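Computation of the quantities below employed the complete heavy-atom set of this structure, encompassing side-chain atoms and omitting hydrogens, waters and symmetry-equivalent molecules. Note on naming: letters A, B, ... go to the chains in the order of the sequence lines (proteins, then strands), and numbering restarts at 1 for each one. Because the structure is predicted, anything quoted here is derived from the model rather than measured.
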There are 2 protein chains.
Amino acid sequence: MNKKYMMIYRDVIGKIEKGEYEANTFLPSENELVLQYDTSRETVRKALNLLSQNGYIQKIRGKGSIVLEIKRFNFPISGLVSFKELSKQLGRSSKTVVEKLKIIKPDLFLATQLETDEEDEVWEVVRVRHIGDERIILDKDYFKKKCVPDLTIKICEESIYEYIEKTLCLEIGYAKKVISVQEATEEDKQYLDLHHYNMVVVVQNYVYLNDTTLFQYTESRHTPDKFKFVDFARRNY
Amino acid sequence: MNKKYMMIYRDVIGKIEKGEYEANTFLPSENELVLQYDTSRETVRKALNLLSQNGYIQKIRGKGSIVLEIKRFNFPISGLVSFKELSKQLGRSSKTVVEKLKIIKPDLFLATQLETDEEDEVWEVVRVRHIGDERIILDKDYFKKKCVPDLTIKICEESIYEYIEKTLCLEIGYAKKVISVQEATEEDKQYLDLHHYNMVVVVQNYVYLNDTTLFQYTESRHTPDKFKFVDFARRNY
DNA sequence: GAGTGGTCTAGACCACGGA
DNA sequence: CCGTGGTCTAGACCACTCC
C-alpha cells in the first residue's frame, strides 16, 4: 500500500498505543503533521478523519485534536472482526470446534436470507466457540458455493475471513447486522452451556462483497450472560 | 449551512428516496456530478463518501457508484437517534410517560458511570416508552446538572435531544453503546410488560459533547421480544 | 492577531473495468 | 483505448479559540 493517509493513520495509532501520544492531550496540529510527514494538508486530514471515525481522537475547531481513551474499551465486534482477532485481544484461552461442514441446498428461509433460490448450493459451517471451558457462541455460517468453492475443516478452525480475503482475494464491502433475542432451540441447548437460561442472543450478519453481491449469511447465537456488544457512534450526518 | 458537500449529500438522498435514482443502478459519475453541482471533484467525493458510509451507495472503482436498497431496512437505533425520530419512522402510535424527574446525588455506581463524584448533582429522568398498548422500553437517563441546568416534564415527553441541541446549543460529539442481557429487576417488572420473560436487554449509552466531556449516561431497558438493533458496517480501515 | 480546524478549488497522476 | 473511481497537491478563505 502506497497510500500516504493510511500510513499516517496507522503511524498515529501506533504512537497512541505506545503512549507517545497520551490520552487527553493534543496531537500535533494539522500544519505540524504536514511538515512531519512531508505531505499536503488534505492528506493529513484524511488520516485524522479516519482516527476520529474510529474513536481514537476528537477534533475541536480552533483548538486541536484530542486523543481519546475510549478506544481501549471497544470490544471489537462492531464491524467485521473475526473471532480469531477477537480472542487475541481478550487474551483468554479459546478454541473453535467445527461441528458441521457440508454442502447443502438451502431451505426457503435460508434461500431468502441469502437472496438466492433453493437450487443454488451453499456451504453450511456450524462451529462452536469456546472461551475458557464454556461453550458460549454457536456460529452457523452459510456461504454461496459459487463465491467460495472450497472449504476445509482446517480453514474453518482458523479464520475463514483470512482465507476469503488473502487466498480467494474476495473483497468485503459492507455488512448488515441484526441483533435480537430469541427462545433457545434444541440445537442451542445441545451445543451451548446455557445453564438455566432459555434464551439466546442472535446476531444475524449479512456480508456483501465490493460488487454488492451477498455472499454470506451468518447466525451467531450467544449465551445471554456472556453476550456484549460495544458500538462507537459519531454524530455524522 | 453553506456546506456544499452536505447539500449534495442531502440532495442525492432525496433523489434516492424519491426514486429518481433507483436501487441497483449507477449514480451519475463523479465528473458528471461536478458539472451538475458546479463544484470540484473532491467536494463531490466528500458527499459520495458520506453516502457510502451511511449505506446509501457502494462505490466500485472503474465502474461507478451503485445505489443500495439496504438503507430502507436500517432500523435507526445505531447512532444517536432519539425515540421521537424513531417512532416517526415506524409509523406506529407511541407515547412516552415520564415516571420520575428529579435532581439526585449519584450513588457510587452512577458516579463511576458519569466519570464524576458523588457530590456532583445529576438529573434523573425515568421514562417508559409505549408502542401500541405495550410498555416496551424503560429509559433511565442521567444528565450532569452543570451541563443541563433545567429540565421539565414537557421537555422529557418530547425530545430531550432537541432541547439540548437547539435550545441549550450543546454539541454532541460521540457516544459509546454497550448492549447486554440482564435478569429483570423488580423495577423492570413494575414498569414493563414483560409477560413471562425474566430478562431484559440493556443498552448503556455514554454520550460525550464536542469538547469530550461526558454529560449523559443512559440505560435503556428493553423487553426481549421487541428488541431489535440494526447496524450497518463498512470495511474501512 | 496568531493559530487552529473546516471547506473548497483546479489541477495532476494512478489503477481498474470494459469495449 | 476511454471513462471510472482513488490518491495527492498547493494553495485559498473562513470560523473559531485564546491571548
Can you list everything that forms a side-chain contact (heavy atoms from CB on, under 4.5 Å) with B:E121? Sequence neighbours excluded, please.
B:I103, B:K105, B:K145
Rounded to whole angstroms, how far apart are CZ on B:R45 and C1' on C:dT7?
16 Å
Gap between atoms CG and P, on A:L50 and D:dG6 respectively (whole Å):
14 Å
Under the side-chain contact (heavy atoms from CB on, under 4.5 Å) rule, collect the residues that match up with B:D120, sequence neighbours excluded.
B:T116, B:D117, B:K144, B:K146
Can you name the residues that form a ring pair (Phe, Tyr, Trp, His ring centres under 6.0 Å) with A:Y37, not counting sequence neighbours?
none
Under 4.0 Å between a side-chain N or O of A:Y5 and OP1 or OP2 of D:dT7?
yes
With sequence neighbours left out, which residue pairs that include part of residues 57-68 of chain A fulfil the salt bridge (Lys or Arg N to Asp or Glu O under 4.0 Å) condition?
A:E30-A:K59
N or O in side chain of B:T43 less than 4.0 angstrom from C:dT9 OP1/OP2:
yes
Determine: side-chain N/O of B:K4 to OP1/OP2 of C:dC8, distance under 4.0 Å, yes or no.
no
Given D:dT7, is OP1 or OP2 found less than 4.0 Å from the side-chain N or O atoms of A:K46?
no
Walk along nucleotides 10-19 of chain C from 5' to 3' and tag each nucleotide B, S or - by protein heavy-atom contact under 4.0 Å, base first, then sugar-phosphate.
B-B--SBSS-
Listed in order of residue number, which residues of residues 27-38 of chain A have a non-hydrogen atom at under 4.0 Å from DNA chain D?
none
